[in-house]
Amino acid sequence: MLYDGRPVELTAEQEEVASMFAIMKETDYMKKPTFLKNFWEGFKEVLGRSHVIKGLDKCDFSPIYDHLMAERDKKKALTKEEKAAIKVQKDAAEAKYKHALVDGRQEQVGNFRVEPPSLFRGRGEHPKMGKIKQRVYPRDITINIGRDAPIPEHPYPGQRWKEVRHDNTVTWLAYWRDTVNPKEYKYVWLGATSSFKAESDLLKYEKARKLKDYIDDIRKNYKRDWGSSDVRRKQMGVAVYFLDKLALRAGHEKDDDEADTVGCCTLKVENVECVPPNHIKFDFLGKDSIRYENTVDVEVPVYKAVEAFTKVDARGKRKGLRDMVFDTFDATDLNKELKALMDGLSVKVFRTYNASITLDRLLAEMEEAEDAYAGKTVDAKKADYDRANKEVAILCNHQRAVPKTHETSMAKVTEKLNAMREEIKALEEEHEAALRAKGKGKNPDAIASKLSKKMTALERAELQAAVKEDLKTVALGTSKINYMDPRITIAWCKRNEVPIEKVFNKSLLNKFHWAMDVESGFRF
DNA sequence: GCCCGTGACTCAGAAATATTCCA
DNA sequence: GTGGAATATTTCTGAGTCACGGG
């Protein structure tokens with residue numbers, strides 16, 4: 001690298017850290033002062049006190065960046081055969097880490113690799129972004145194996161595992177402390193197909209299904225609480241209403257060394273706006289600093305209550321913009337209260353319940369809306385499914401960044417659509433001309449049939465384009481993987497003769513193996 | 001008893017990689 | 001049939017939730 005225009009020699013360790021920074025050249029982190037400041041503090045320490053490099057502004061990392069890019073290109077330029085050979089070798093080397101023997105069963109391991117050193121990439125305005133995540137060694141890692149199992153080898157001679165445990169009350173295979181956030185742990189777990197994960201998945205959905213039997217009473221309860229003279233009761237009544245209606249996350253309190261995000265219990269006055277006569281406008285950063293923006297119609301007592309909660313606290317003191325809307329309880333208190341309503345109930349159960357019941361309802365509505373629904377084309381039914389999936393994703397606020405290629409590919413699609421429209425116009429003219437010619441020219445019926453085919457193709461393409469535009473910021477996968485009971489989907493497929501492979505990819509098929517034999521009449 | 005930190009698990013979007021599609 | 005762009009899948013690891021245990 002260069003400093004003040006001159007080449008600088010770095011030790012291997014210094015070069016590694018410089019490379020972590022160089023590789024991030026094209027990311028938005030480079031514009032964030034917190035990132036730059038944290039990185040410089042870490043880099044400065046690695047450089048040592050008397051180093052010529054005295055600051056980041058005269059550093060030029062582009063030689064490193066160019067080198068890394070050249071390496072990347074070299075890899076890309078390998079022939080198909082060379083790439084395949086490398087992959088075979090890699091797979092063979094990794095094979096033995098991919099399975100674990102658990103109670104005599106062979107199970108898939110999830111993440112078997114330890115996280116390599118890098119710069120911490122926190123989401124949103126994370127105070128720790130840019131800090132150096134240190135290399136983790138066997139001496140940092142606690143492993144969990146059977147009492148009689150041989151202690152696995154590691155590639156660092158002279159080191160021992162931090163600890164070897166035999167704990168059959170937990171499901172992790174290994175853990176270590178995160179170096180950026182020492183109070184947090186990183187774990188190695190079994191894969192999504194494992195018995196442990198499958199069992200807890202089923203449990204999760206069964207708990208959410210149980211809420212169905214309690215929800216009427218819970219609603220009656222919270223409606224009554226809206227009129228309570230006890231502020232805590234009243235606030236909880238409104239909070240549970242939000243969970244029920246909007247599927248918000250719990251919102252636990254956060255430390256100053258984390259990004260400033262909120263959930264239901266940590267909503268601040270600045271996050272809600274009462275818009276007469278009965279609308280509430282939510283605007284806040286939730287998990288992963290994803291913005292939640294939603295204006296909802298609420299019942300009048302809720303509107304009045306929220307208006308009051310944003311003005312004064314339980315003791316009558318005026319609230320500021322940064323004060324909490326619900327000042328009489330936190331997420332733990334709320335969960336405790338929910339336990340009293342239903343065994344095992346917690347805030348997140350509402351989210352699972354809401355997502356699953358919504359999918360179930362939307363699919364059923366579509367089936368009921370048409371005679372002989374099962375006779376529709378598979379593509380049309382899949383489009384219906386995706387529409388329902390989209391509703392759920394929007395409910396859960398599952399967003400994604402607009403794909404980098406979206407604009408260009410959308411322009412191409414528009415161009416294609418226009419070309420099709422031109423073609424149709426030409427065909428229409430040709431058709432009329434043929435009709436006028438009365439048998440002397442081309443056969444008008446042949447043109448008409450060609451025309452109608454083109455029109456159908458256009459309609460399909462237009463629909464596809466609209467869906468694409470519609471979904472550019474919506475992530476469908478998260479709800480499919482985590483929130484919608486797979487039995488709803490599988491039963492729907494069975495009822496309507498849609499191959500399950502159309503809806504679930506290979507990993508989801510494996511992950512949801514426990515749900516495959518559900519009967520076609522299953523309703524959530 | 002309660003509260004608060006800790007531990008262990010689920011859920012999240014981006015990035016990397018694999019596959020498919022289309023000119 | 002081919003190559004590269006578009007799209008789908010997989011990997012990665014950060015960011016939540018929530019129960020529990022110990023002081």
Side-chain angles (χ1 to χ4, degrees), chain A residues 23-24 26-29 72 75-76 80 83-84 87 90 110-116 118 120-124 126 128-129 133 142 144 167 169-172 175 177-178 180-192 196-197 200-201 203-204 248-255 258-259 261-266 285-290 330-336 338-339 344-352 355 393 396-406 408-410 412-413 416 468 471 473-483 504-511:
Chain A
I23 196 74
M24 297 187 71
E26 298 299 324
T27 70
D28 285 345
Y29 286 106
R72 185 181 282 182
K75 226 164 121 190
K76 235 193 211 162
K80 222 195 295 182
K83 280 183 195 165
K87 191 173 183 317
K90 195 173 150 233
N111 56 323
F112 54 85
R113 251 182 289 263
V114 96
E115 293 172 18
S118 65
F120 179 73
R121 293 155 99 118
R123 313 265 169 85
H126 196 116
K128 293 197 172 186
M129 66 170 92
K133 194 166 76 175
T142 299
N144 190 23
D167 186 350
T169 67
V170 293
T171 71
W172 53 263
Y175 83 79
R177 251 172 217 283
D178 181 35
V180 174
N181 247 307
K183 52 186 177 188
E184 282 172 21
Y185 300 103
K186 300 287 193 173
Y187 294 87
V188 172
W189 273 298
L190 292 172
F196 292 153
K197 299 285 188 194
S200 85
D201 225 21
L203 211 68
K204 171 178 81 181
L248 302 182
R249 296 188 187 83
H252 288 85
E253 255 122 317
K254 300 191 74 182
D255 286 344
E258 299 174 282
T261 61
V262 306
C264 181
C265 297
T266 42
L285 295 183
K287 181 177 179 178
D288 291 303
S289 294
I290 297 290
D330 63 16
T332 306
D333 299 326
L334 183 55
N335 274 328
K336 219 175 277 170
L338 293 178
K339 294 278 169 302
L345 188 61
S346 66
V347 172
K348 90 183 192 83
V349 177
F350 277 89
R351 232 167 123 75
T352 312
C396 295
N397 200 228
H398 291 143
Q399 296 193 30
R400 60 171 181 162
V402 177
K404 277 184 208 115
T405 53
H406 181 79
T408 45
S409 79
M410 216 52 212
K412 263 186 209 164
V413 169
K416 209 167 135 190
K468 188 174 175 163
L471 291 180
T473 60
V474 185
L476 298 186
T478 310
S479 51
K480 220 184 213 180
I481 296 169
N482 301 302
Y483 285 106
F504 287 157
N505 64 32
K506 207 175 75 198
S507 355
L508 288 182
L509 245 28
N510 285 328
K511 176 181 159 102

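FYI, side chains are in, hydrogens and waters are out, and symmetry mates aren't considered; it's all heavy atoms of this structure. Chain letters run A, B, ... following the sequence lines, proteins first, then strands; residues in each count from 1.
If you take OH of A:Tyr187 and C1' of C:dG14, they are 15 Å apart, rounded to a whole angstrom. Atom CG in A:Asn397 sits about 10 Å away from atom P in B:dA12, given to the nearest Å. Atom NE2 of A:His126 is separated from atom C1' of C:dA15 by 9 Å (rounded to the nearest Å). Regarding A:Leu471, its CG atom lies at a distance of 12 Å from the P atom of C:dT7, rounded to whole Å. When the C1' atom of C:dC18 is taken as reference, atom CG of A:Leu248 falls 17 Å away, rounded to whole Å. The CG atom of A:Asn181 sits 10 Å away from the C1' atom of C:dA15 (whole-angstrom rounding). Regarding A:Glu253, its CD atom lies at a distance of 14 Å from the C1' atom of B:dG5, rounded to whole Å. Atoms NZ (A:Lys287) and P (C:dG16) sit 7 Å apart, rounded to a whole Å.
A close approach under 4.0 Å does occur between a side-chain nitrogen or oxygen of A:Ser200 and OP1 or OP2 of B:dT10. At the phosphate of C:dG14, OP1 or OP2 sits under 4.0 Å from a side-chain N or O atom of A:Lys186. Between A:Arg351 and B:dA12 there is a side-chain N or O to OP1 or OP2 distance below 4.0 Å. Applying the 4.0 Å criterion to OP1 and OP2 of B:dA8, one finds that A:Trp189 has every side-chain N and O outside that range. Side-chain N/O atoms of A:Ser289 include none lying less than 4.0 angstrom from OP1 or OP2 on C:dA15. Regarding contacts with the backbone of B:dG13, a side-chain N or O of A:Thr478 is found under 4.0 angstrom from either OP1 or OP2. Not one side-chain nitrogen or oxygen of A:His406 sits closer than 4.0 Å to the OP1 or OP2 atom of C:dA6. Not one side-chain nitrogen or oxygen of A:His252 sits closer than 4.0 Å to the OP1 or OP2 atom of C:dG16.
A perpendicular orientation is assigned to the rings of A:Trp172 and A:Tyr175, their planes being inclined by more than 60° (bins at 30° and 60°).
With A:Arg177 contributing its side chain and A:Lys186 its backbone, the two residues share no donor-acceptor pair below 3.5 Å. In this structure a side-chain-to-backbone donor-acceptor pair under 3.5 Å is missing from A:Asn181 to A:Glu184. Between the side chain of A:Tyr187 and the backbone N or O of A:Thr171 there is no donor-acceptor pair closer than 3.5 Å. At distances below 3.5 Å, not a single donor-acceptor pair connects side-chain atoms of A:Asp167 with backbone N or O atoms of A:Asn144.
A:Gly251 comes within contact range of the sugar-phosphate backbone alone, with a heavy-atom separation under 4.0 Å but no base atom that close. Within the 4.0 angstrom heavy-atom criterion, only backbone atoms of the sugar-phosphate kind lie near A:Lys204; the bases stay farther away. Within 4.0 Å of A:Lys348, counting heavy atoms only, lie sugar-phosphate atoms of the nucleic acid but no base atom. Across all strands, A:Lys83 comes closer than 4.0 Å to no nucleic acid atom at all (heavy-atom distances). Among the atoms of the strands shown, none is found under 4.0 Å from any heavy atom of A:Lys336. Within the 4.0 angstrom heavy-atom criterion, only backbone atoms of the sugar-phosphate kind lie near A:Lys254; the bases stay farther away. Nucleic acid contact for A:Gly286: sugar-phosphate only, since backbone atoms but no base atoms lie under 4.0 Å from a heavy atom of the residue. No engagement by A:Pro182 is indicated, since no non-hydrogen atom pair under 4.0 Å with the nucleic acid exists. Backbone-only engagement by A:Lys133 is indicated by non-hydrogen atom pairs under 4.0 Å involving sugar-phosphate atoms exclusively. Contacts of A:Tyr483 with the nucleic acid, taken as non-hydrogen atoms under 4.0 Å apart, involve only primed sugar atoms and P, OP1 or OP2.
Atom SG of residue A:Cys396 and atom NZ of residue A:Lys287 lie 11.5 Å apart, to the nearest 0.5 angstrom. Atom OG1 of A:Thr261 sits about 12.0 Å away from atom NE2 of A:His252, to the nearest 0.5 Å. Atom OG1 in A:Thr473 sits 6.0 Å away from atom CD in A:Gln399 (nearest 0.5 Å). The structure places SG of A:Cys265 at 7.0 Å from CG of A:Asp330, a figure rounded to the nearest 0.5 Å. Atoms NZ and CG, on A:Lys197 and A:Leu190 in that order, are 7.5 Å from each other to the nearest 0.5 Å.
Qualifying side-chain contact (heavy atoms from CB on, under 4.5 Å) partners for A:Lys348, counting only residues two or more places apart in sequence or in other chains: A:Lys204, A:Ser346. Residues satisfying the side-chain contact (heavy atoms from CB on, under 4.5 Å) criterion with A:Cys264, sequence neighbours excluded, are A:Ala239, A:Phe242, A:Leu243, A:Leu248, A:Phe326. Remark: A:Tyr483 engages A:His398 in a ring pair (Phe, Tyr, Trp, His ring centres under 6.0 Å) (not counting sequence neighbours).
A residue-by-residue look at A:Ile481 and A:Tyr175 shows that A:Tyr175 has its nearest nucleotide of DNA chain B further toward the 5' end. Nearer to the 5' terminus of DNA chain B, by closest-nucleotide assignment, is the contact made by A:Thr171 (compared with the other of A:Lys75 and A:Thr171). Residues A:Phe504 and A:Phe120 both approach DNA chain C. Their nearest nucleotides, taken by heavy-atom distance, put A:Phe504 toward the 5′ side. With DNA chain C read from its 5' end, the first of the two nearest nucleotides for A:Gly263 and A:Lys506 is the one closest to A:Lys506.
A:Arg121 and A:Asp28 are not joined by a salt bridge, as no carboxylate oxygen comes within less than 4.0 angstrom of a charged side-chain nitrogen.
Few gaps surround NZ on A:Lys254; more than 12 heavy atoms of other groups in view lie less than 6.0 Å from it.
Distances from the side chain of A:Asn111 to the nucleotides B:dA12, B:dA18, C:dT13 place C:dT13 closest. Comparing atom distances between the A:Pro116 side chain and each of C:dT13, B:dA8, B:dA12 picks out C:dT13 as nearest. The side chain of A:Glu115 has C:dG14 as its nearest neighbour among C:dG14, B:dC11, B:dG13.
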Under 3.5 Å, which N/O atoms of the protein pair with N/O atoms of nucleotides 19-23 of chain C?
{"residue": "C:dA19", "atom": "OP1", "partner": "A:Lys339", "partner atom": "NZ", "Å": "2.9"}

Protein-nucleic acid N or O pairs under 3.5 Å, nucleotides 19-23 of chain B:
none

Pull out every protein N or O sitting under 3.5 Å from an N or O of nucleotides 14-16 of chain B, one pair per line with the distance.
{"residue": "B:dA14", "atom": "OP1", "partner": "A:Ala401", "partner atom": "N", "Å": "3.4"}
{"residue": "B:dA14", "atom": "OP2", "partner": "A:Ala401", "partner atom": "N", "Å": "3.1"}

